[in-house]
There are 4 protein chains.
Amino acid sequence: MAIREKSKEKRNALLKSTLSLVNNNGFHDAPMSKIAKMANVSPATIYIYFENKRDLINQLYLELKISYTEQAFKAYSENMPVKKAFELIWYNIADYKLKQVEEAWFLSQCDNTTMIDEASRQEGLKHLQPLLDLWERGKKEGIIKNISPYILYAYAINSLVFLMNTQKRNLYQLDKKSLDQAFQAAWDSIRI
Amino acid sequence: MAIREKSKEKRNALLKSTLSLVNNNGFHDAPMSKIAKMANVSPATIYIYFENKRDLINQLYLELKISYTEQAFKAYSENMPVKKAFELIWYNIADYKLKQVEEAWFLSQCDNTTMIDEASRQEGLKHLQPLLDLWERGKKEGIIKNISPYILYAYAINSLVFLMNTQKRNLYQLDKKSLDQAFQAAWDSIRI
Amino acid sequence: MAIREKSKEKRNALLKSTLSLVNNNGFHDAPMSKIAKMANVSPATIYIYFENKRDLINQLYLELKISYTEQAFKAYSENMPVKKAFELIWYNIADYKLKQVEEAWFLSQCDNTTMIDEASRQEGLKHLQPLLDLWERGKKEGIIKNISPYILYAYAINSLVFLMNTQKRNLYQLDKKSLDQAFQAAWDSIRI
Amino acid sequence: MAIREKSKEKRNALLKSTLSLVNNNGFHDAPMSKIAKMANVSPATIYIYFENKRDLINQLYLELKISYTEQAFKAYSENMPVKKAFELIWYNIADYKLKQVEEAWFLSQCDNTTMIDEASRQEGLKHLQPLLDLWERGKKEGIIKNISPYILYAYAINSLVFLMNTQKRNLYQLDKKSLDQAFQAAWDSIRI
DNA sequence: CATGAATGAGCTTTCATTCAT
DNA sequence: TATGAATGAAAGCTCATTCAT
């Protein structure tokens, strides 16, 4: 049991240094040797926990994606009224993207790279199902526009990625007021 | 003295193969040797036209960004009515992102990478000024929400990147009808 | 935990092949790949033992310089009479330069190159101190000319480098008799 | 004629930049492209004047060697008394080595490198003949030690190279007095 | 499970030289 | 004669991964 714990620690340390190095240097220039050094293990040890570099990054991607969606649906229940529910989820996500910047930034780097397997992406998407269900309900109730969930997601949710980027680059900081404005824009874009 | 001159042709071939290789394999695994081979020149020739790999990629980024914005403002004139003008620009951009997929995809890969210098990014942004001016006018006329241009851009424009990605991944194809729906969402998100 | 340790053997093999290649081909045309091949290791292995090429060469320089001075003062003790002591040291050095030709030749190549750091040179010089001390004593005893140690070294010691070169180039071979003549010249140049 | 002159100018510019670059950076890191740039010509132009890099360096070596020996025998005539003659030549050489430091330093770099062809070396040596003749005369007159001219040269002349190095490295500066001391050492080493 | 040494393949970049004008 | 573009070959070095313990 103690050994298992220690192993988990090492695995986490590896994921953490990968996150940090990729964020700071990009997928290129995040070599296994540096990842190992940062996690205080030998390069060879990485291969005990992960098949190869691609696997390491994909596993990290998946873990983050899961923790992201977990947070997205925190306190959410399926019988909340549609707008209230969306509001809750939206602010949850905004919270994640604007506060857990490192994690969110890594995920956004993954959006447009060939490093992530299509399988991981599919798996990552699954966890968003409750949001899609909510929208389906909203459509039936005549509250949400009757359009593809991809469009809904692009406008209502994904726009936050751009705002996170501007914030991370110190171009623009979102305070409470502008966050509310962003929510209003999100809601306007999808509501009927 | 008549000597061989640096050929625009070779430079363009290099930029083109860079685009193609980065798109297919990512910034990692787009080695100079392959870029050279694909452009039918010697590896050493690249360094006549570009300082190094980073420079090559940044120059490509800038050229695409400029051609992108050129297309965005095609047929646009500053005295068009706000909504008409926005509609024109939006469809121009959609056209670019959904038809010139290769170029758009490359640009979206650049959004979240450390390969692009902050200077290049700034330079690339400059060319969007007319859109910001338009929004400013829209605000004065009471048509556009009085919120940060970053938020406006995130919702009205950047959402298209996500839709382009889904399309490129064959998850979802935008036909004329869904494109109009997307425009409606964009417009709803920023109009008062 | 028992793991493979950096082997002195490999390091020595690398230093040896460097010596040999630089001697035969010069600092230019002694590429890392050849050095590795000659030492029967992978090119990458060199970088486990040395930071880079410059470091490799500087370390080799220092090791040889140290072994050179060690031999120079073999059997020397500070309370020998000045002339006897000088004679001992001079013949020690002559022995080294004329018998360990490879090492001496490498060192003489280092005398006039920018490959060797000033720091390494300084470090290398340190070990000659006993000779300088001897000369100081000789001056006090009125045996050695009261002139700068640089001049003393230039005449009494460094002249051997030229003789080594002629020998290495097969222009002139020093037998016992001519060696004694050389010693006489050395001694005459510095004695009062 | 004018064209010939201009050509000579270019050739000299090339030799000069070679001298300067090799002195500052070593034989390694004195690339043809830099040499060309420094001489304000195209890299291709070098190959009009010189066969290849090796030839360029060997020609430079020879020119310097000749100018060196010319200066060595300035004002010398074969019927001067031996000591006076030697004194003249020695100070001529010292003058060259300590004042035309750049040229002397280049030559000393050539002493121990494989870049110089044996043929060039032989050719360079030839010009020293008058000194060897002088020593021969000195031996007959019972003034100079009856030993190999190689030994004589090593002590009487070549020691100056070491002193030049110390001076170039700012370890030791030779003033008039120490120069005279050096001459005394030189003379003592070879006189009977 | 864990390691530091070791590596072949491959990276970016540079070089001496030649080409085409 | 003189050029800047062009290049094949090779340089120094790094990397993901494996080996031996």
Side-chain angles (χ1 to χ4, degrees), chain A residues 3-4 6-7 10-11 28-37 40-57, chain B residues 1-7 9-11 28-37 40-56, chain C residues 1-7 9-11 28-36 40-56, chain D residues 3-4 6-7 10-11 28-37 40-56:
Chain A
I3 291 165
R4 281 275 182 98
K6 221 178 168 191
S7 294
K10 256 174 203 167
R11 187 173 175 280
H28 69 281
D29 204 30
M32 297 297 255
S33 55
K34 277 193 200 167
I35 291 173
K37 188 166 285 173
N40 275 115
V41 300
S42 158
T45 304
I46 302 185
Y47 293 83
I48 297 168
Y49 294 90
F50 306 94
E51 230 176 280
N52 51 35
K53 191 175 184 180
R54 204 181 170 82
D55 180 41
L56 164 60
I57 284 174
Chain B
M1 200 105 337
I3 40 169
R4 269 188 295 179
E5 276 171 32
K6 271 194 225 186
S7 78
E9 248 176 72
K10 250 166 212 167
R11 186 170 177 281
H28 70 284
D29 203 31
M32 297 300 251
S33 55
K34 277 192 198 167
I35 292 174
K37 191 164 284 173
N40 273 115
V41 299
S42 154
T45 304
I46 302 185
Y47 294 85
I48 297 171
Y49 293 89
F50 306 95
E51 237 176 86
N52 50 38
K53 191 174 184 180
R54 204 182 169 81
D55 181 42
L56 165 59
Chain C
M1 203 104 334
I3 42 172
R4 271 190 293 182
E5 273 170 36
K6 272 196 224 185
S7 78
E9 248 176 71
K10 251 167 211 167
R11 185 171 178 280
H28 70 282
D29 205 31
M32 298 300 252
S33 55
K34 277 192 200 166
I35 292 174
N40 273 114
V41 298
S42 155
T45 304
I46 302 184
Y47 295 86
I48 296 170
Y49 293 88
F50 306 95
E51 237 176 87
N52 49 38
K53 191 176 184 179
R54 204 183 170 82
D55 181 42
L56 165 59
Chain D
I3 291 167
R4 281 275 181 97
K6 220 177 168 193
S7 293
K10 257 175 203 168
R11 187 173 175 280
H28 69 283
D29 202 30
M32 298 297 255
S33 55
K34 276 192 199 166
I35 292 174
K37 188 165 286 172
N40 276 115
V41 300
S42 157
T45 305
I46 302 184
Y47 292 84
I48 296 168
Y49 294 90
F50 306 94
E51 229 176 277
N52 50 36
K53 192 175 183 181
R54 204 179 169 83
D55 181 42
L56 165 59

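By convention in this document, chain letters (A, B, ...) are assigned in the order of the sequence lines, proteins followed by strands, and residues within each chain are numbered from 1.
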**OP:** Would you please confirm or rule out a distance under 4.0 Å between OP1 or OP2 of F:dA11 and any side-chain N or O of C:Ser33?
**Re:** yes
**OP:** Would you mind telling me which of F:dG4, E:dG4, E:dG8 lies closest to the side-chain atoms of C:Ser42?
**Re:** E:dG8
**OP:** Select from C:Asn52 and A:Met32 the residue whose nearest nucleotide in DNA chain F is closer to the 5' end of that strand.
**Re:** C:Asn52
Original post:
Starting at the 5' end of DNA chain E, which residue's closest nucleotide do you reach first, C:Pro43 or B:Glu51?
Top reply: C:Pro43
Original post:
If every non-hydrogen atom of A:Met32 is compared with every non-hydrogen atom of A:Ile46, which pair is closest and at what distance?
Top reply: O-CD1, 3.6 Å
**OP:** Mind checking D:Phe50 for me? I need base, sugar-phosphate or nothing, with any heavy atom below 4.0 Å counting as a touch.
**Re:** nothing
Subject >> Interatomic distance, B:Lys37 NZ vs E:dG10 C1' [rounded to whole Å] >> reply: 12 Å
Subject >> Contact summary for D:Asn52 and D:Asp55, nearest pair of heavy atoms >> reply: OD1-N, 2.9 Å
Original post:
So, is C:Thr45 near the phosphate of E:dA6, with a side-chain N or O under 4.0 Å from OP1 or OP2?
Top reply: no
Subject >> Paired and unpaired positions of DNA chain F as dot-bracket, Watson-Crick or G-U wobble under 3.5 Å, | denoting a partner strand >> reply: .||||||||||||||||||||
Subject >> Inter-residue atom distance D:Arg11.CZ - D:Leu56.CG, 0.5 Å rounding >> reply: 9.0 Å
Original post:
Okay, side chain of A:Lys34, backbone of A:Asp29: is any donor-acceptor separation there less than 3.5 Å?
Top reply: no
**OP:** Select from B:Lys53 and D:Pro31 the residue whose nearest nucleotide in DNA chain E is closer to the 5' end of that strand.
**Re:** B:Lys53
Original post:
Is the shortest side-chain N/O distance from B:Lys10 to OP1 or OP2 of F:dA6 below 4.0 Å?
Top reply: yes
**OP:** Could you check how far CZ of A:Arg54 sits from C1' of F:dA16, rounded to whole Å?
**Re:** 14 Å
Subject >> Side chain of C:Ala44 - closest among E:dA16, F:dC15, E:dC19 >> reply: F:dC15
**OP:** For F:dA6, take OP1 and OP2 only and decide whether either is under 4.0 Å from a side-chain N or O of B:Tyr49.
**Re:** yes
**OP:** Examine distances only and state if a side-chain atom of B:Tyr49 and a backbone atom of B:Ser7 form a donor-acceptor pair shorter than 3.5 Å.
**Re:** yes
**OP:** Round to a whole Å and report the spacing from CG of B:Asp29 to C1' of E:dA9.
**Re:** 13 Å
Original post:
How many angstroms lie between OG1 in D:Thr45 and CG in D:Asn40, if you round to the nearest 0.5 Å?
Top reply: 11.0 Å
